[in-house]
Amino acid sequence: MAVDEGLKSELAKEGIIVTTVTDLYNWGRKNSVWPLQFGLACCAIEMIATAASRFDLARFGAEVFRPSPRQADLMIVAGTVTKKMAPQVVRLYNQMPEPKYVIAMGACAISGGPFKLGYNVLKGIDRYIPVDVHIPGCPPRPEALLHAIMTLQRRIEEQTLGEGPKPRWYDKDAPAEFPVPQFGEHDLVPSFNKQVWDAKPIVRPVKA
Amino acid sequence: MTDSYYTNYVFLALFLAVAIIFPLLPICVAKIVAPKKPSPQKQDIYECGLESKGDAWVQFKVQYYIYALVFVIFDVETIFLYPWAVSFNKLGLFAFVEMIIFLAILAGGLAYAWKKGVLDWK
């Protein structure tokens, strides 16, 4: 049950703060997003710069880079995901406790980027795991990562605990883990996860 | 009552209660409110994202401890050697003899450890 915004601000003027459990939850969650400490390529350098003193990720409560997925809330996929690395990334995501979020940082993580045509490069991590925020750029500036963190915080604010559209971790029927791709003869098997990625068929213009 | 000797223990009991409740409360709250979605992969041993092979409780041979100790001694020796080498010209003969004695003692220790069979990797 949401509190009426007008009533809320009227009460706040009198020094009474009214909130809901959902708001309290989301306030706690969005201000302590702990990222998993791992970098895949050059975007990781920008990620390190974001965490360091000049850009100061600590302002958003997200400076505690955890060396274990058990303690992490956020996976920043910073860099090119090679097909060799993709199973590990998906397994790490599976090992993170709920609630968990993913930021795909840079052109490579969102689509393969300049290496898209490479035989060994995954064409976007969103083929295997659900990505909350995509950051374009090659590499994105630290400001872009900060913007992505703020966008994620805004998304967390909108989440519900049970009423309305449920997040995945409150849905009993939602899968607890995403299938880890295996090395096939030519490509990763499966080449994408149907639950999170919808492959649009390529329509080529018919030559007259 | 306030200046009684036992009043001190009241503070102690208070601190003890706070010290127990303070860490327990977040753990209990997290147990109740945290969304749970256990899965075989999540319960698995964390090995940097790789599939874990075997058990996490790997045993090391106890001999490794002495081996590591011998290494540390010579590690520290290097730290002593560097400042000595930098100011070698200023220090003169006395420091040189001192350092030779120091090295001889450590070399003697190494010879002893060698004879005892510490360096044999069985």
Side-chain angles (χ1 to χ4, degrees), chain A residues 21-22 24-26 28-29 32 36-40 66-73 75 77 81-82 84-101 125 128-130 156 159-162 166-183, chain B residues 11 13-79 82 121:
Chain A
V21 177
T22 311
L24 203 63
Y25 250 68
N26 291 342
R29 269 179 193 167
S32 63
L36 182 60
Q37 186 178 35
F38 87 111
L40 295 172
R66 302 315 294 181
S68 162
R70 318 277 191 219
Q71 304 160 349
D73 307 301
M75 177 182 247
V77 185
V81 188
T82 55
K84 187 84 173 169
M85 198 64 195
Q88 276 76 269
V89 174
V90 177
R91 195 174 285 110
L92 282 177
Y93 178 76
N94 283 340
Q95 287 186 337
M96 280 161 63
E98 266 84 11
K100 49 188 169 186
Y101 310 97
I125 192 63
Y128 291 113
I129 54 179
I156 295 170
Q159 282 181 341
T160 58
L161 289 183
K166 260 186 229 172
R168 202 177 58 252
W169 35 87
Y170 289 116
D171 192 356
K172 286 259 184 309
D173 304 321
E177 60 185 37
F178 291 90
V180 176
Q182 305 290 321
F183 300 123
Chain B
F11 284 113
L14 197 70
F15 269 112
L16 197 68
V18 170
I20 290 168
I21 293 166
F22 195 73
L24 270 185
L25 195 72
I27 293 171
C28 292
V29 170
K31 269 256 185 298
I32 297 162
V33 302
K36 286 172 203 70
K37 257 197 180 299
S39 73
Q41 260 177 38
K42 205 180 281 175
Q43 316 291 345
D44 212 1
I45 299 158
Y46 166 60
E47 251 175 52
C48 303
L50 292 165
E51 230 168 326
S52 50
K53 289 195 171 64
D55 204 6
W57 292 91
V58 183
Q59 287 184 331
F60 280 94
K61 276 196 173 185
V62 72
Q63 283 142 314
Y64 183 74
Y65 153 72
I66 306 172
Y67 189 80
L69 204 67
V70 172
F71 167 76
V72 167
I73 289 168
F74 284 92
D75 210 29
V76 174
E77 180 199 330
T78 324
I79 296 170
Y82 266 108
W121 196 257

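Just so it is clear, the model here is predicted, and its values are computed rather than measured.
Annotation for A176(A) and P38(B): closest pair CB-O, 3.6 Å, computed over non-hydrogen atoms.
For the atom pair CD of E51(B) and CD of Q88(A), the computed distance is 9.5 Å after rounding to the nearest 0.5 Å. Here K42(B) contributes atom NZ and E177(A) contributes atom CD; the two are 8.5 Å apart, rounded to the nearest 0.5 Å. Within the model, atoms CZ of R91(A) and OG of S52(B) stand 8.0 Å from one another, a figure rounded to the nearest 0.5 Å. The line from CZ of R70(A) to OH of Y46(B) is 9.0 Å long, rounded to the nearest 0.5 Å. Distance NZ/K37(B) to NZ/K100(A): 9.5 Å, rounded to 0.5 Å. How far CD of E47(B) is from CD of Q95(A): 9.5 Å, rounded to the nearest 0.5 Å.
More than 12 non-hydrogen atoms from other residues, nucleotides or ligands lie less than 6.0 angstrom from CZ of F74(B). Within a 6.0 Å sphere centred on OH of Y65(B), other residues, nucleotides and ligands contribute 12 heavy atoms or fewer. The environment of NZ in K53(B) is sparse: at most 12 heavy-atom neighbours from other residues, nucleotides or ligands sit within 6.0 Å.
Without hydrogens or angle criteria, Y25(A) side chain to V33(B) main chain gives a donor-acceptor distance under 3.5 Å.
Heavy-atom distances place no part of P167(A) under 4.5 Å from chain B, backbone and side chain included. The contact between P40(B) and chain A is made by backbone and side chain atoms together, counting heavy-atom distances below 4.5 Å. Contacts of M85(A) with chain B are absent, with no heavy-atom separation under 4.5 Å from either backbone or side chain.
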